[in-house]
Engineer: 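Supplied in structure tokens, the structure appears directly below.
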Amino acid sequence: QVQLLESGGGLVQSGGSLRLSCAVSGRAPYAMGWFREAPRKDREFVARIDWTGITTYADSVKGRFTISRINAENTLNLQMNSLKPEDTAVYYCAATMVSGITTRRNDYIYWGQGTQVTVSS
């Protein structure tokens, strides 16, 4: 089992920055990621990082978001810069035991409770 707890969401103006954190406990996953779910939209992939440090990003956030992990603190972070109103969503931390690079929601079986990010225009 993997337990995940997100923090760091909030309200920010367009162009601003936020950092999300996810505290990880339990079994070590192969990879961890961030997904987001906007109102009336499906949950979508944002970014992932695996145990080797390889990262993958959705095209919509590439160059603006950075995913990282602090192994000593068992923490996963998502630094979000140049935020846009379309980034508004509930952001979820997730973990997968599936090897290889996967961005499929169904491959991630452990989920946090989500944290709201709202970007005003």
Side-chain angles (χ1 to χ4, degrees):
Q1 291 286 336
V2 180
Q3 292 79 43
L4 306 170
L5 182 63
E6 303 98 335
S7 62
L11 173 64
V12 65
Q13 288 188 330
S14 182
S17 298
L18 278 177
R19 188 167 90 160
L20 305 182
S21 294
C22 177
V24 184
S25 60
R27 184 182 173 192
Y30 180 87
M32 299 197 59
W34 290 95
F35 287 73
R36 65 187 181 186
E37 187 170 333
R40 298 174 296 282
K41 292 187 176 181
D42 290 337
R43 192 171 299 186
E44 64 175 5
F45 167 76
V46 175
R48 67 169 286 285
I49 184 168
D50 66 27
W51 71 275
T52 69
I54 294 175
T55 58
T56 309
Y57 294 92
D59 288 343
S60 59
V61 307
K62 207 171 289 184
R64 300 188 297 123
F65 291 11
T66 303
I67 189 171
S68 62
R69 63 181 188 199
I70 304 175
N71 291 334
E73 299 177 1
N74 290 329
T75 301
L76 177 75
N77 294 318
L78 184 69
Q79 178 66 41
M80 305 185 294
N81 298 327
S82 302
L83 282 160
K84 305 174 182 179
E86 51 263 45
D87 294 317
T88 295
V90 177
Y91 283 71
Y92 295 90
C93 176
T96 179
M97 299 301 178
V98 174
S99 61
I101 297 175
T102 177
T103 61
R104 297 197 315 161
R105 171 185 174 178
N106 290 345
D107 286 337
Y108 290 76
I109 60 172
Y110 301 105
W111 294 86
Q113 84 290 351
T115 184
Q116 177 70 46
V117 171
T118 303
V119 184
S120 63
S121 57

Engineer: Are Ile49 and Val2 joined in one hydrophobic group, where the rule is that I, L, V, M, F, W and Y side chains link up if heavy atoms are under 4.5 Å apart?
Structural biologist: yes

Engineer: Does Arg105 make a cation-pi contact with Phe35, if we ask for NZ or CZ under 6.0 Å from the ring centre and within 45° of the axis?
Structural biologist: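 Because its charged atom misses either the 6.0 Å distance or the 45° angle limit, Arg105 does not stack over Phe35.
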
Engineer: Could you verify whether a donor N or O on one side chain and an acceptor N or O on the other, from Asn77 and Gln79, lie under 3.5 Å apart?
Structural biologist: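 Short answer, no.
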
Engineer: Among pairs that include at least one residue of residues 37-69, which meet disulfide (SG to SG under 2.5 Å), considering only residues two or more places apart or in two chains?
Structural biologist: none

Engineer: Is there a path from Leu20 to Val46 through hydrophobic residues (I, L, V, M, F, W, Y) whose side chains come within less than 4.5 Å of each other?
Structural biologist: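 Linked, Leu20 and Val46 end up in one cluster.
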
Engineer: Verify the cluster assignment for Val117 and Leu4: are they in a single hydrophobic cluster under the rule of side-chain heavy atoms below 4.5 Å apart?
Structural biologist: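 Yes, it is one cluster - the side chains of Val117 and Leu4 are joined through contacts under 4.5 Å.
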
Engineer: Considering the options Thr66, Asp50, Ile67, which one meets the side chain to side chain contact (heavy atoms under 4.5 Å, CB included) requirement together with Thr55?
Structural biologist: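 Output: one option passes, namely Ile67.
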
Engineer: Flag the pair Cys93 / Trp111 as yes when at least one side-chain heavy-atom distance between them is below 4.5 Å, and no otherwise.
Structural biologist: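 No; the side chains remain at least 4.5 Å from each other.
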
Engineer: Hey, is CD on Gln13 packed in by over 12 heavy atoms from elsewhere, all under 6.0 Å?
Structural biologist: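 No, CD of Gln13 has 12 or fewer neighbouring heavy atoms, counting only those of other groups under 6.0 Å.
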
Engineer: Salt bridge between Asp87 and Lys84, side-chain N to carboxylate O under 4.0 Å?
Structural biologist: no

Engineer: Looking at Tyr92 and Gln113, what are the two nearest heavy atoms and their distance?
Structural biologist: CE2-O, 3.6 Å

Engineer: Which heavy atom of Phe65 sits nearest a heavy atom of Arg36, and at what distance?
Structural biologist: CE2-NH1, 4.1 Å

Engineer: Starting from Ile101, walk the hydrophobic network (Ile, Leu, Val, Met, Phe, Trp, Tyr; side-chain heavy atoms closer than 4.5 Å) and list everyone else you reach, by chain and number.
Structural biologist: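 Ile54, all in the cluster of Ile101.
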
Engineer: Give, for atom CD of Glu37 and atom CD of Gln116, the distance between the pair rounded to the nearest 0.5 Å.
Structural biologist: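 CD of Gln116 is found 10.5 Å from CD of Glu37.
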
Engineer: For the residue pair Arg69 and Trp51, establish whether any side-chain heavy-atom pair is separated by less than 4.5 Å.
Structural biologist: yes

